[in-house]
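So you know, we letter chains A, B, ... as the sequences are listed, proteins then strands, and number each from 1.
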2 protein chains.
Amino acid sequence: MEDRKKDLSERKKIILKAIIDAHIENGEPVGSKYLTGHKQISCSSATIRNEMAELEEMGFLEQPHTSAGRIPSEAGYRFYVDWLIDRYNFTQGEMDELRHTLNQKQSELDSIMQTAVALAAKLTNYTALAIKPRQPRITVARYELLRLNEMTLILIMVIGGIVKTKYVHSNRPIPNEAAACLSAVLNKYVTGITAAEITLPMMMEMERVMGEYEYLVSPVIKAVCETISVFDGGELRFEGINRLLAYPEFYDMDRLRDMLALFEKKDDLLEVLSEETKHTADDRVQVYIGRENIVKVMDNSTLIFKAVRDHGKTVGAIGIIGPTRMDYRRVIATIDQLTRGVSEVLGDPSGPADDGKNS
Amino acid sequence: MEDRKKDLSERKKIILKAIIDAHIENGEPVGSKYLTGHKQISCSSATIRNEMAELEEMGFLEQPHTSAGRIPSEAGYRFYVDWLIDRYNFTQGEMDELRHTLNQKQSELDSIMQTAVALAAKLTNYTALAIKPRQPRITVARYELLRLNEMTLILIMVIGGIVKTKYVHSNRPIPNEAAACLSAVLNKYVTGITAAEITLPMMMEMERVMGEYEYLVSPVIKAVCETISVFDGGELRFEGINRLLAYPEFYDMDRLRDMLALFEKKDDLLEVLSEETKHTADDRVQVYIGRENIVKVMDNSTLIFKAVRDHGKTVGAIGIIGPTRMDYRRVIATIDQLTRGVSEVLGDPSGPADDGKNS
DNA sequence: TTTAGCACTTCAAAACCGCGAGTGCTAAAC
DNA sequence: GTTTAGCACTCGCGGTTTTGAAGTGCTAAA
């Protein structure tokens with residue numbers, strides 16, 4: 001990797017950066033003449049043309065057609081993000097707003113993520129997403145049952161620090177003491193194991209212990225399994241979908257439709273993201289440019305996200321999605337600060353630590 | 001109202017209906033010659049032209065420009081929906097699918113609505129929406145507190161048949177017995193009243209009763225209020241946003257953007273819908289055409305929805321949103337059947353009753 | 001190695017044009 | 001009085017042509 005940095009002469013780097021900056025700014029192909037005005041470049045347009053031709057040969061630039069300027073290729077953006085980009089500094093005001101908004105609603109992870117993702121959309125003006133990754137081996141830490149009425153119980157489960165509730169309807173009246181009894185049994189037999197690990201002998205054992213209330217075991221266990229399977233399914237939430245339309249690259253109806261379909265189907269993207277958020281141990285902002293994304297629809301889009309940690313454990317991720325031509329500097333910085341902020345609100349000490357380099 | 005029906009001669013009605021049917025079908029302005037082929041119309045194109053001119057004068061039709069055919073005006077659609085439309089009959093297959101899908105997931109209102117709205121989008125091929133209306137005077141029926149760990153309680157509330165949970169963090173250790181004690185106090189003092197009705201004297205009284213645990217009262221009450229205010233905020237969920245793009249009337253980027261923004265902001269629409277769902281006592285499918293909608297963005301769109309009742313109480317609504325030119329027949333029938341189906345699954349006896357006329 | 005000059009390419013927007021659909025009107029027919 | 005045929009007129013749509021600007025690659029000189 002590091003040697004690739006040396007592949008380019010200093011002047012080529014300046015030119016490449018200037019081209020990408022300009023293209024990000026206005027979205028149009030940039031020509032040699034335009035760069036003449038750039039302060040760090042002091043050669044003529046002809047020289048720049050030669051350099052550009054070489055940069056194209058190397059795969060960092062491409063031409064929509066002869067006689068248009070150059071636009072960055074995916075490799076170009078990749079090089080830019082990896083080596084050329086400089087750090088974006090938030091103004092104090094922006095930082096304040098960010099902190100303030102996040103601290104507003106001091107409560108569940110869910111609502112914090114919701115605020116954060118809304119903020120991400122607003123600050124970057126791209127479509128933002130919040131990811132709750134799949135958790136294939138999730139277990140219940142604790143059960144509690146309440147008797148709601150004659151025929152209905154409320155089943156309360158503490159799963160991965162989150163509380164989930166579910167009704168359980170019975171076809172026979174439920175005596176008052178049955179609820180407490182059943183919670184005790186559940187807590188004894190089915191804590192710390194996954195849904196798949198609940199075996200028939202276990203259920204029979206529970207029914208034996210429950211004595212005359214054995215008829216409640218089966219519906220409750222069914223409810224437990226259902227809840228777990230819904231919970232570990234992961235979740236993907238979008239905010240600011242309409243912001244896509246602000247960018248000419250999404251003016252193509254077909255692409256737009258595909259994109260919206262992607263947003264609605266969620267499964268594909270969730271799959272990918274669950275993998276990524278789980279595996280990447282490092283705490284960097286992840287940047288996937290164009291075809292680096294596994295989902296075909298996102299060929300011309302960039303996905304940027306970073307995991308949110310709560311006391312070292314990955315509990316989700318926040319990111320944005322937009323055209324490959326995007327303001328990487330600002331977006332990367334925003335996502336970085338935002339995830340830090342969320343961790344902070346969650347009380348994670350590792351939050352404010354700051355290293356800055358990103359991949 | 002009824003006399004307006006007489007305003008139009010039988011022939012005019014046939015012609016108007018034919019025009020609207022044709023326009024719904026193919027989206028293009030329909031001319032006099034085209035109607036000659038219609039089976040119920042047996043006069044020449046010239047006569048039809050005269051009739052059309054009169055219908056235009058009355059405000060039921062309009063011309064995009066001279067020398068184009070006519071398209072229905074909003075008043076035209078309104079008349080069509082009120083008087084001209086005939087009933088759409090589902091095939092047995094369609095009915096079966098509907099029932100079957102709805103019965104799949106026999107559980108919470110939330111997930112039933114989710115299934116229903118997905119089904120609505122699929123069946124109609126328009127964007128579907130599920131509404132949980134605002135409930136300004138919501139009260140908690142029952143409280144329960146669990147001690148999660150040293151410093152945290154889980155607050156469980158039964159609100160309007162739904163269970164909500166929330167963490168309460170304390171700054172002092174919480175003894176085991178405090179939870180039970182506090183639930184008893186909550187159940188005694190703050191059931192059946194709205195958040196606004198919790199007064200300072202009441203809180204002081206509770207603190208007195210709680211004795212040494214009085215430091216828990218304030219954070220818990222705060223949590224209660226927060227939860228209530230979030231809960232009665234109402235909810236609006238969309239499904240199938242990408243289906244908008246299938247219709248040429250949304251090919252205009254600006255309109256599309258506005259529409260998506262509407263979907264994200266939700267507040268406006270929720271406001272309107274909460275009002276409507278609450279006030280309309282009757283069990284009809286509601287149809288709002290074009291500028292009949294209070295929200296300006298929806299000028300060229302139609303909103304169709306119907307309340308979902310659970311044992312007589314309105315618990316939500318399901319609807320669709322689409323271009324003014326839409327297949328009213330099918331959509332109205334679909335929404336009607338769908339809400340009936342949901343009520344049925346919820347166990348509401350009034351569900352399957354069937355009258356059919358709609359406004 | 002850099003630069004000025006020039007011929008060439010390509011696309012985008014504007015201008016143009018003909019076609020066809022559909023109308024309104026008038027006058028004749030029923 | 002109502003219906004119909006006929007006709008002149010209008011207007012937008014789609015395709016083609018024209019024009020112009022932008023930018024390149026190459027060559028030859030500095």
Could you tell me which residues satisfy side-chain contact (heavy atoms from CB on, under 4.5 Å) with [X], sequence neighbours excluded, listed by chain and number?
{"X": "B:Asp258", "answer": "B:Val297"}
{"X": "A:Tyr88", "answer": "A:Phe90, A:Glu94, A:Arg329, A:Arg330, A:Ala333"}
{"X": "B:Arg11", "answer": "B:Ser9, B:Ile15, B:Cys43, B:Thr47, B:Glu51"}
{"X": "B:Arg49", "answer": "B:Ser32, B:Ser45, B:Ala46"}

Using the test side-chain hydrogen bond (donor to acceptor under 3.5 Å, both in side chains), find all partners of [X] that sit at least two apart in sequence or belong to another chain.
{"X": "B:Glu264", "value": "none"}
{"X": "A:Tyr126", "value": "none"}
{"X": "A:Tyr34", "value": "none"}

Residues of residues 23-47 of chain A with a heavy atom under 4.0 Å from any atom of DNA chain D, listed by number, are A:Gly31, A:Ser32
How long is the line joining [atom1] of [X] and [atom2] of [N], in whole Å?
{"X": "B:Ile48", "N": "D:dT4", "atom1": "CD1", "atom2": "C1'", "answer": "12 Å"}
{"X": "B:Glu51", "N": "D:dT2", "atom1": "CD", "atom2": "C1'", "answer": "11 Å"}
{"X": "B:His65", "N": "D:dC13", "atom1": "NE2", "atom2": "C1'", "answer": "9 Å"}
{"X": "A:Ile19", "N": "D:dT24", "atom1": "CD1", "atom2": "P", "answer": "9 Å"}

Discussion item. Ignoring hydrogens and geometry beyond distance, is a side-chain donor-acceptor pair present between A:Thr302 and A:Tyr328 at under 3.5 Å?
Written reply: yes
Distance-only side-chain donor-acceptor flag, B:Arg257 / A:Asn242, under 3.5 Å: no
With sequence neighbours left out, the residues meeting salt bridge (charged side-chain N to carboxylate O under 4.0 Å, His left out) with B:Lys17 are B:Asp21, B:Asp86
Nt span of DNA chain C in reach of chain A heavy atoms at under 4.0 Å, 5' end first, is C:dT2 to C:dC11
Those stems involving DNA chain D that have three or more consecutive Watson-Crick or G-U pairs, both distances under 3.5 Å, are C:1-30 with D:1-30
Note: for A:Asn50 and B:Thr66 on DNA chain D, the residue whose nearest nucleotide lies more 5' is B:Thr66
Determine all donor-acceptor pairs shorter than 3.5 Å in which one atom belongs to a side chain in residues 53-62 of chain B; sequence neighbours excluded.
from    : atom 1 : to      : atom 2 : distance (Å)
B:Glu54 : OE1    : B:Lys12 : NZ     : 3.1
B:Glu56 : OE1    : B:Arg70 : NE     : 2.8
B:Glu56 : OE1    : B:Arg70 : NH2    : 2.9

Regarding the side chain of A:Gln63, the nearest nucleotide among D:dT3, D:dC11, D:dT24 is D:dT24
